[in-house]
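Throughout, protein chains are lettered first and strands after them, A, B, ... in sequence-line order, and every chain is numbered starting at 1.
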Amino acid sequence: MLCNIEKQTIEIKILPSDLTYMDSTSDSILNHKTIESRWSVKWSEAKLFESNPDPKKEKRYVTAAFPYPNSPQHIGHARTYATTDIYARYLRLKGYNVLFPMAFHVTGTPILAMAKRIAEGDRELFDIFENIYGIPPEQTKKLANPTDLVMHFSKEIEAGMKEMGFSIDWRRKFYSFDRHFGKFIQWQFRKLKSLGYLVQGEHPIAWCPKDNQAVGGHDTKGDIDPEMKDFTAIKFAYSDGKDDGYILTATLRPETIYAVTNIWINPTLSHVKARSKKTGEIYYIVKRAYEKMNFQGFELEIVEEFLGKHLIDLGKKAKNPITSDEIPIYPANYVKDDSGTGMVMSVPSHAPYDHVALVDMGIHLDYKPVVRVEGYKFMAKELIETLGIRNQFDPRLEDVVKEVYKKEILTGVMVLGPYKGEKVSTAIDKTKADMLTKKLAYPFWEINNKPVYCRCGAETVATILKNQWFIDYSQESWKEKTKECIASMTIIPEKTRSEYLYTIDWLKQKACARSQGLGTKFPFDEKLVIEALSDSTIYMAYYTIAHIITQIPESEIDDEFFDFVFLGKEPKNRSKISKEWKEAKESFLYWYPLDSRHSAGDLIRNHLPFFIFIHVAIFDKKFWPKQIATNGFVLMDGKKMSKSMGNILPLRKAIAEYGADVVRFSVVAGAELSSDTDFNRGVADGVRSRLELIMKLAKDFSVAKLPPCGRMEKWLLSRLHQRIKKSEKMYGQLAMRELALELFYEVFSDLQWYIKRSESVNLKHFLPIWSSLMSPFMPHYAQELWHLSGNNGFVSDFPKADEGLIDPILESGEELIIKVHGDIEKISNLIGKKPSKVTLYVASEWKRKLYALAKSIPNLSFELLMKSAAAEKMPMKEVQNVVKQIMKNLHSISAKLSQKEELEALSHGSTFFAKDYGCVIEVLTEEDGKHDKAKSALPDKPAIVIE
RNA sequence: GCAGGGGUGGCAGAGCGGUCAAAUGCGCCAGCUUGAGGGGCUGGUAGGUUAGUCCUUUCGAGUGUUCAAAUCACUUCCCCUGCACCA
């Protein structure tokens, strides 16, 4: 029961106009800093988020992708964590024992590269630090050591997370370069190797010849990711048999080898005759290619150097290694020496340049088509002729090349050679593989988007890493197991499921070790470091023991420890099992499997599949993850945040300005989970001012001792209890946008209506429930409200919907009042005068019956309804009019209330109408009405007469 | 090209067969409130029309299914993301 005990009542009368004080500068009593720090201190003192196994309670284990501390966090990062925290807090309210841990990922090269840039005094970086993150240059200078950098930013991030009120168990914090963690990762890799998932092979990478090391995107000027392009270097012997050297041509289209007509050599460029020290083979190539080839393991030495003209002047012919055709060698000025070997096999039927060059020379040949493309016979030739391109130097030729290559490779079908009938995309690989195995050709790599410069200034080159280690995600049985896991998981949003499956299908081998970077040493080659996407796949398991394992000296940790904890295998020597071993195992068994993994949506194509792959590889099925939820980005005023645009809003700055709860709410509430959301001042201000109104109301009126049992209090509670039911489902599905609407914006309009309608305001029963419902989103303010409304302790339960308090009649009654209120307004605007008297006529009971009748008759027609009405002995003259209306809007008619109920509601509303419009209100039944209009009353739509 | 997602009002973004001229927020306009501003409140925001109504056009374009389509099917155009070794 609602109103029983409060005896002492103090009547506080307020008018809606009294509430027009939402003054954002008057937040002395609404200071978010005070409220937020008050409660975060209390939470931390109560160790509320330090979660330990408790066999009596059901657990839920949630994690979010750990941050990479090479810069402070911005509001975009906050979205994933806020989502996770909201979910974690919701689960706690539902009574679960919830674990939400956090750590820092420092693996890889970006931090190293950044520290190096600081050491070098990189202006650009110092500017970014100063202008975007507010770090003065003197301080930046001190961060030249990678560890200092990590510590500085991780502290910053941790502070931000604490300010945000994330319910994290910080005891479990670690860094991915911690040695204890390294032991765990090495164990993981030994496991993968023993399972046959670790393989070695060749791998092309970008290389800096000056620094003598591999170059990733972070190591280049302008952070450009070097892209690798694979050529095929094909050996053309001289046909006279007198020269044992090969003209080594490089091509991207090895499948066109069947239609080579000649070889192009640029007569003006420096060429060399070079001998391989490995095989003794001799190649003719441009001089610039010689250096590049040595980076790719050809081990060449120069025998002779000359201009290309020399080779042409010999007048010899070459032999096609596949078709054995004898082909001439022609000069071509368009051939450049910065790409490939500087020697080109000419395929005029498919290469636009070759065609134009031959035409230029006045040579006419019978073209052999190798590839057929819909709509063309010789695509290259036809396009050139259509465009009227006359020589090799026409800039449009470049576009033609792109167009032809794209079309032919993507849609073309082979019409020549052993792969006749196959798609070009596969024929390229097959033809190439054939030539490679027969040693008729070699792979040759080039940086596709060159020039890419290393930060040291040198241009990067392509090189081939022998013995690169891979995790072999290509194994079919492994893929199947991974898919099995996905099938058992809840994927939020569900529509991304196919993306996971697609990614799992195309994942091949993933290079997992690098020569540099922070992190864990590769156990099978200590010169290498495990790269970042490979050491972050099962670290969620490590959290469960992170605060326990550190109690064991690192030197005593071995694979048996992890086997024992994670796989349940007893060590050979059972006396090894210490208290910590047992505790760790118990903790893992309690918390695992992971119940929900949270991350940004862009990780669906790499980290998240890896996460599942490695889990299914290593852990027992009962420890496979249960759920993944991914979210979109946060835009700043509609634009993507970026360093170059300078529109990054650092999280802590946002918190200082708006307060943690407003930021939390704003970054998750604006859009559905998976789509990008916009953060802008307007939205954040709107959230803040609403929150402030509620706080103000609470402060002033929550403790008022008047009985909160009036019609409007009941209405407010009825609405709220409806929302409890709905929101529970939404929380479970992480429907952030819907929750925000349901629990915040709509509740706010309820409150506005309530204030308008009530003689006095009393939120005593409303506030505790609402604060509990909202507490996952706005934990600090919710806690404050909980406290203000006279409750002790922490918000700790999810409210239960009380069906007995849900009153549909009451709600419909208010709906009617809202509608009539609006209608009066509309009419008086329309007739252009303020009402002095308003009379409302409530429709007769028989009209409601007629409505019900209409709804109950299948395949309703005018005649049918008239007949039925006649059978019920209704007043047929009027029935005709009503039936006409019914037939028009059959789908929208409703009569939720009886005449009596409508009458009651409107009578109650009449004092409000009278006050609001400053006029006399009369509510009558249709039958009692004298006015002509009275008859036009319909259920849910009283007739209104304004005088 | 392949794979995935998407095209809705000034903007963002719901809706996914009837209650839809289309939630909500932002913006804009008008009135009120306020010392001004900010803020707040009320109403409006496709066009026309009317005592709260009704009509027409509208949800990328087109065709179809249906008594009924923003919602279903087909065709077509356009946009975004990914196609890797990068955290």
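Atom CG of A/D916 and atom C1' of B/U42 are 9 Å apart (whole Å). Rounded to a whole Å, the OH atom of A/Y175 is 20 Å from the P atom of B/A87. What separates CD of A/E825 from P of B/G43 is a distance of 6 Å, to the nearest Å. The separation between A/Y68 atom OH and B/C86 atom P is 13 Å, rounded to whole Å. One atom, CD of A/Q752, and another, C1' of B/C41, lie 8 Å apart when rounded to the nearest Å. Distance A/E742 CD to B/G25 P: 14 Å, rounded to the nearest Å. One can place CH2 of A/W753 at 9 Å from P of B/G43, the figure rounded to the nearest angstrom. Rounded to whole angstrom, the span from the CG atom of A/D602 across to the P atom of B/A87 amounts to 14 Å.
Geometrically, A/R688 does not engage A/Y658 in a cation-pi contact, judged by NZ or CZ lying under 6.0 Å from the ring centre and within 45° of the ring axis.
Under the Watson-Crick or G-U wobble criterion, with both distances below 3.5 Å, B/A30 is paired with B/U42. B/C74 is paired with B/G62 under the Watson-Crick or G-U wobble criterion, all donor-acceptor distances under 3.5 Å. Nucleotide B/A3 has B/U81 as its partner under the Watson-Crick or G-U criteria, with both atom distances under 3.5 Å. Across all strands shown, B/C11 pairs with B/G25; the Watson-Crick or G-U wobble distances both stay below 3.5 Å. Using N1 to N3 plus N6-O4 or O6-N4 for Watson-Crick, or N1-O2 and O6-N3 for G-U wobble, each under 3.5 Å, B/G35 pairs with nothing.
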Assess the residue pair A/E499 and A/T496 against the criterion (side chain to side chain donor-acceptor pair (under 3.5 Å)); give the C-alpha distance rounded to whole Å, side-chain angles, the decisive distance to 0.1 Å, and a yes or no. CA-CA 5 Å; A/E499 261 182 271; A/T496 56; 5.7 Å; no

Start with the C-alpha gap between A/D916 and A/K756, add the side-chain angles, then the distance that decides, and say whether salt bridge (Lys or Arg N to Asp or Glu O under 4.0 Å) holds. CA-CA 9 Å; A/D916 206 44; A/K756 237 172 137 171; 5.2 Å; no

For A/D535 and A/T107, what are the C-alpha separation, side-chain angles and deciding distance, and is it a side chain to side chain donor-acceptor pair (under 3.5 Å)? CA-CA 8 Å; A/D535 82 341; A/T107 307; 2.5 Å; yes

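Checked against B/U42, B/C85, B/A51, the side chain of A/I946 finds its nearest nucleotide in B/A51. Of the candidate nucleotides B/G25, B/C41, B/U53, B/C41 has the atom lying nearest to any side-chain atom of A/F748. Ranking B/C41, B/A87, B/A51 by closeness to the A/R514 side chain, first place goes to B/A87. The side chain of A/K941 lies closest to B/U53 when the candidates are B/C86, B/U53, B/G43.
Between B/U66 and B/G13, the two P atoms lie 35 Å apart (nearest whole Å). When the C1' atom is compared between B/C29 and B/A46, the two are found 16 Å apart, to the nearest whole Å. A distance of about 36 Å separates the C1' atoms of B/C79 and B/C67, rounded to the whole Å. Comparing B/U45 with B/G38, their P atoms sit 24 Å apart, to the nearest whole Å. Spacing of P atoms, B/A69 relative to B/G60, comes out at 15 Å, to the nearest Å. Annotation: B/A3 and B/G15 have their C1' atoms spaced 27 Å apart (nearest Å). Taking atom C1' in both B/G9 and B/G62, one finds a spacing of 23 Å when rounded to whole Å. Between B/C26 and B/C16, the distance separating the two P atoms is 24 Å to the nearest Å.
Both A/V683 and A/E947 lie near RNA chain B, and the one whose nearest nucleotide falls closer to the 5' end is A/V683. Nearest-nucleotide positions on RNA chain B place A/D685 closer to the 5' end than the other of A/D685 and A/A511.
Between A/W506 and A/Y502, the ring planes lie perpendicular to each other; the angle is over 60°, past the 30° to 60° tilted range. In this pair, A/H105 and A/Y68 present their aromatic rings perpendicular. The plane angle is above 60°, beyond the 30 to 60° band. Taking the six-membered ring where tryptophan is involved, the planes of A/W753 and A/F912 are perpendicular, since the angle between them exceeds 60° and thus also 30°. In this pair, A/F610 and A/Y473 present their aromatic rings parallel. The plane angle is below 30°, not in the 30 to 60° band. Below 30°, between 30° and 60°, or above 60°: for A/F66 and A/Y539 the angle between ring planes is below 30°, a parallel geometry.
Using a 4.0 Å heavy-atom distance criterion, A/K819 is classed as making no nucleic acid contact. Using a 4.0 Å heavy-atom cutoff across all strands shown, A/I824 reaches no nucleic acid atom at all. When heavy atoms are screened at a 4.0 angstrom cut-off, A/V945 is found touching base atoms of the nucleic acid. Note on A/H607: nothing from the nucleic acid sits closer than 4.0 angstrom, heavy atoms only. Across all strands, A/A740 comes closer than 4.0 Å to no nucleic acid atom at all (heavy-atom distances). Heavy atoms of A/P942 sit under 4.0 angstrom from at least one base atom. Looking at heavy-atom distances under 4.0 Å, A/I604 makes no contact with the nucleic acid at all.
Separating the OG atom in A/S689 from the CD1 atom in A/I694 is a distance of 9.5 Å, to the nearest 0.5 Å.
Proximity of a side-chain donor or acceptor of A/K479 to a complementary backbone N or O of A/L507 within less than 3.5 Å is detected. Of the possible donor and acceptor atoms, none in the side chain of A/T109 sits under 3.5 Å from a partner among the backbone N and O of A/G517. A donor-acceptor pair is defined here as one N or O able to donate and one able to accept, closer than 3.5 Å; such a pair exists between the side chain of A/Y81 and the backbone of A/A65.
Between A/Q468 and B/C85, a side-chain N or O to OP1/OP2 separation shorter than 4.0 Å is absent. Within the 4.0 Å cut-off from OP1 or OP2 of B/A87, at least one side-chain nitrogen or oxygen of A/T109 is found.
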Treating primed atoms plus P, OP1 and OP2 as sugar-phosphate and everything else as base, which nucleotides of nucleotides 7-23 of chain B get B, S or - for protein heavy atoms under 4.0 Å? -------S---BS---B

Can you name the atoms? Protein N/O to nucleotides 1-4 of chain B N/O, anything below 3.5 Å, with the distance.
unit_1	atom_1	unit_2	atom_2	d
B/G4	O2'	A/E499	OE1	3.4

